[in-house]
Engineer: 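Just passing along the structure, written as structure tokens.
Side-chain atoms are counted along with the backbone in the values below, which use heavy atoms only and exclude waters and symmetry mates. None of these values were measured; they are calculated from a predicted model.
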Number of protein chains: 2
Amino acid sequence: MKPAKRPTVHDIAAAAGVSRGTVSRVLNGGYVSAEARAAIETAMSDLGYVPNNAARALKMRRSQAVAFVALEPHSLFLDDPNIGAIMLGANAALSLADHQMVSLVVESARDTERVARYLSGGFVDGAIVVSARTKDPIIKVISDLSLPAAFVGHPPELDQHIPFVGIDNVGSARAITEHLRSTGRRRIGMIAAALDRDSGIDRLTGFRSALGDLFDEDLVADVPHYDYGSGVKGMRDLLEREPAIDGVFAASDAIAAGALEVLREAGRSVPGDVAVAGFDDSTWAVRTQPQLTTVHQPAKEIGSCAAQVVLRQLRGEPTDAGGQLLPTPLVLRDSA
Amino acid sequence: MKPAKRPTVHDIAAAAGVSRGTVSRVLNGGYVSAEARAAIETAMSDLGYVPNNAARALKMRRSQAVAFVALEPHSLFLDDPNIGAIMLGANAALSLADHQMVSLVVESARDTERVARYLSGGFVDGAIVVSARTKDPIIKVISDLSLPAAFVGHPPELDQHIPFVGIDNVGSARAITEHLRSTGRRRIGMIAAALDRDSGIDRLTGFRSALGDLFDEDLVADVPHYDYGSGVKGMRDLLEREPAIDGVFAASDAIAAGALEVLREAGRSVPGDVAVAGFDDSTWAVRTQPQLTTVHQPAKEIGSCAAQVVLRQLRGEPTDAGGQLLPTPLVLRDSA
DNA sequence: TACGGATGTGTGAACGTGCACACGTTAGGA
DNA sequence: TCCTAACGTGTGCACGTTCACACATCCGTA
């Protein structure tokens, strides 16, 4: 027993007493008489017709869909509060252009292969890739297919012709560190995270350049992730190495939140004894006590900007291969 | 200038000196001689051939893809820490069965229509739907298409034949409330959230039934969302209404975290003066001080279970239309 | 020798679309 | 009157694949 075979253009044409071509025209625009149009439309709603996108995609070489590829989703979905906002921003922009966003999750090598097949299978016209490492095999697939794409937050060094969207991590880190200095702090430390990624390295670079001669390698705690637990660990480390520390730049808001907890336990007031600055302006920033001074990451804008980049390529307009950095205003709250 | 037209089976066949049928056979299994197979395989790698899924889906009426439909993603992605884990669980299960998960985000009415087109367009074989309201138009689309589907966390009342996967909110809430009673608490309140959803209502129902005669309507604070801010607001409310309160069941861990903050400001010790219990066993639960006693939501299992349900339907096996509730063990930590 | 099965290969017909083209009709201007 | 243009409609083909079928070859056995 078949599951109620779906009607096709043929069925509609037969029911309305016209030919398939005419049905196609009322769907895609063209010259159709009013009566034919009416007959076809009633036939369509009677039979519950929906066009078969698979056939359309095959014929048109266009699926009206763009992939949102999330690599390393474990860390992303569970730790990074930005990924959701980026997705929402991308979805909104694609939606406006009548495109469907389909997000693909890559967890394992097995996934990589399957997603590669999916991307090359004609189901999507383009791709937005989040958090790729430079050597990720997905990059090669995309570049081999010359699939219109945009990378988020991470310039793909190898393939200069794939544009990316991100923020100026170096500049933002420098700016907020300078803010810490401007409040009179002298012994400023940093909890640096994810030094295996560009974002992590760049934030440390910015911190170092803002301090200049004041920079002291001993005041940098190196933690693996951007999460709360790493913040706890990093702050304990810093306090032990330099009890007189009076300023901390945390590489993320979650880290800053962990640092605040440690400082509270140690009896240091914030910002009285120690000024603390975060990064991201995520939901963490307003949940802590005191609320965090931090760097605003325009997550939604990043998403929508990446979508625009892909859409432009789809329209055949050339894009600035170099990529695009979005502004990251400082958000001054109570912690620094 | 075309973007380097992709090779098709025809091209491979021509390059290898065989017919399309033989190429198809090495792809899908069948009798092929060793030499033909070798010739075809070198031709494939030389030309960089990848099968066109759109054409395959058209012919086979199978796309090997399942949709993960996220409705109301604003609240979901930003507040609910479970959605990510559910996605990951579903993805893992689908991946094992060699299916692709594509997740679709529905934000607006415009999205609804587009996603409906997508679902009915033959790009997916089934759907997992998260957090649908009973009257959501997507439900109608799915049921009209008789698309194999599974609902997460919310039994769709109207269409009894669509199976769902969830947890026993009533029973879990009762169990954790009974735990609060067993520690000798007498004035137990609840911060109830999202009373416009089944999950919210059920948690309140379980709380009430566990208390029996002890239940006091005044000790229920009603807040809109499952988030931290709501917890702050709800706890302030409760403290004002009943200063002698000695136990609180929060409808989520985020709410419990907010409640802890208020209790700390009010100078109450936890669990000394007031016992606090949460719900979800999310990352919140171990970030708070003290760590939360809570109800474990098996988010990953929920995701993989929903995927299994869809896969079973795809294989033509009948499913228990009733749905499926997963166990939710109590996690005893320090807060109660 | 002839036959049947196993193995290997090629051919044509779909799947459901959109588009180019051909065809008809009508109206208007030269 | 004829040519052109705009409108309206039907038909064939292509998209890239899989599948059913036909055909060819080889081997073992009756």
Side-chain angles (χ1 to χ4, degrees), chain A residues 2-41 43-44 47-65 117-118 120-125 145, chain B residues 2-41 43-44 47-65 117-118 120-125 145:
Chain A
K2 288 289 178 62
K5 197 177 90 58
R6 291 196 355 215
T8 75
V9 265
H10 287 83
D11 303 325
I12 299 302
V18 294
S19 77
R20 332 184 303 276
T22 310
V23 178
S24 173
R25 268 183 289 272
V26 15
L27 254 33
N28 306 310
Y31 299 121
V32 184
S33 69
E35 46 195 325
R37 179 181 299 271
I40 288 169
E41 271 166 1
M44 290 203 301
L47 300 181
Y49 170 76
V50 271
N52 184 324
N53 277 332
R56 188 191 301 234
L58 172 60
K59 177 64 182 165
M60 310 283 283
R61 273 94 157 245
R62 267 303 173 90
S63 59
Q64 295 285 93
R117 275 210 312 272
Y118 192 85
S120 38
F123 281 154
V124 293
D125 299 334
L145 291 167
Chain B
K2 286 289 178 63
K5 196 176 90 61
R6 289 192 2 210
T8 76
V9 265
H10 287 83
D11 303 325
I12 300 300
V18 294
S19 77
R20 332 183 300 280
T22 310
V23 178
S24 175
R25 268 183 289 271
V26 16
L27 253 33
N28 307 311
Y31 298 122
V32 184
S33 69
E35 45 197 325
R37 178 179 301 271
I40 289 169
E41 270 164 2
M44 289 202 302
L47 301 180
Y49 170 76
V50 271
N52 184 323
N53 277 331
R56 179 181 303 204
L58 172 61
K59 179 65 182 166
M60 312 281 284
R61 274 99 154 233
R62 268 304 173 88
S63 59
Q64 295 286 91
R117 274 210 311 272
Y118 192 85
S120 36
F123 280 157
V124 293
D125 299 334
L145 290 167

Engineer: Taking CZ from Arg25(B) and P from dG10(C), how many angstroms apart are they, rounded to a whole number?
Structural biologist: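 Between P of dG10(C) and CZ of Arg25(B): 8 Å.
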Engineer: Under 4.0 Å between any heavy atoms, over every strand shown, what does Asn53(B) touch: base, sugar-phosphate, or nothing? Just pick one.
Structural biologist: nothing
Engineer: Could you give the CD-to-P distance, from Gln64(B) to dT17(D), as a whole number of Å?
Structural biologist: 16 Å
Engineer: Within the 4.5 Å heavy-atom criterion, are Val9(A) and Ile12(A) side-chain neighbours or not?
Structural biologist: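 SC-SC contact between Val9(A) and Ile12(A) ruled out.
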Engineer: Looking at Arg6(A) and Ser120(B), would you say the former's side chain and the latter's main chain have a donor-acceptor pair under 3.5 Å?
Structural biologist: yes
Engineer: Does Arg56(A) reach the main-chain N or O of Gly121(B) with its side chain, forming a donor-acceptor pair under 3.5 Å?
Structural biologist: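 Side chain of Arg56(A) to backbone of Gly121(B), a donor-acceptor pair under 3.5 Å: no, none is there.
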Engineer: Looking at dT9(D), I'd like to know if its phosphate oxygens (OP1 or OP2) sit under 4.0 Å from a side-chain N or O belonging to Ser33(A).
Structural biologist: yes
Engineer: Start at the 5' end of DNA chain D and walk down; is the nucleotide closest to Tyr31(A) or to Thr22(A) reached first?
Structural biologist: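 First, find each residue's nearest nucleotide; the 5'-ward one identifies Tyr31(A).
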Engineer: Would you say Asn28(B) reaches dT18(D)'s phosphate, i.e. side-chain N/O to OP1/OP2 under 4.0 Å?
Structural biologist: yes
Engineer: Between atom CZ in Arg20(B) and atom P in dC21(D), what is the gap in whole Å?
Structural biologist: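 Distance, rounded to whole Å: 17 Å.
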Engineer: Are OP1 or OP2 of dG16(D) and a side-chain N or O of Arg61(A) less than 4.0 angstrom apart?
Structural biologist: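 For Arg61(A), the contact criterion (side-chain N or O under 4.0 Å from OP1 or OP2 of dG16(D)) is met.
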Engineer: Can you measure Leu47(B) atom CG to dG16(D) atom C1' for me and round it to whole angstrom units?
Structural biologist: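 To the nearest whole Å, that distance equals 15 Å.
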Engineer: Kindly say whether, by distance alone, the side chain of Arg6(B) makes a donor-acceptor pair under 3.5 Å with the base of dG16(D)?
Structural biologist: no
Engineer: Write down the distance between CZ (Arg62(A)) and C1' (dT17(C)), rounded to a whole number of angstrom.
Structural biologist: 17 Å
Engineer: Could you tell me how far apart Glu35(B) (CD) and dG8(C) (C1') are, to the nearest whole angstrom?
Structural biologist: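 Rounding to the nearest Å, CD of Glu35(B) and C1' of dG8(C) are 10 Å apart.
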Engineer: Could you give the distance from CZ (Phe123(B)) to CG (Asn52(A)), rounded to the nearest 0.5 Å?
Structural biologist: 8.0 Å
Engineer: Considering only side-chain heavy atoms of Tyr49(A), which listed nucleotide, dG16(D), dT17(C), dC19(D), is closest?
Structural biologist: dT17(C)
Engineer: So which nucleotide from dG16(C), dA20(C), dC19(D) ends up closest to the side chain of Met60(B)?
Structural biologist: dC19(D)
Engineer: To the side chain of Val18(A), which of dT17(D), dT9(C), dG10(D) is closest?
Structural biologist: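 Nearest to the side chain of Val18(A) among the choices is dG10(D).
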Engineer: Check for a donor-acceptor pair, side chain of Asp125(A) on one end and backbone N or O of Gln64(A) on the other, with a separation under 3.5 Å.
Structural biologist: yes
Engineer: CG of Asn52(B) versus C1' of dT17(C): gap in Å, rounded?
Structural biologist: 14 Å
Engineer: According to a strict under-4.0 Å criterion, is Ser19(B) in side-chain N/O contact with OP1 or OP2 of dG10(C)?
Structural biologist: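 Result: yes.
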Engineer: Using a heavy-atom cut-off of under 4.0 Å over every strand shown, decide if Ala36(A) touches base, sugar-phosphate, or nothing.
Structural biologist: sugar-phosphate
Engineer: What is the separation between atom CG on Leu58(A) and atom P on dC13(D), rounded to the nearest whole Å?
Structural biologist: 18 Å
Engineer: Using heavy atoms to find the nearest nucleotide of DNA chain D for Lys59(A) and Arg56(B) separately, return the residue whose nucleotide is more 5′.
Structural biologist: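 Result: Lys59(A).
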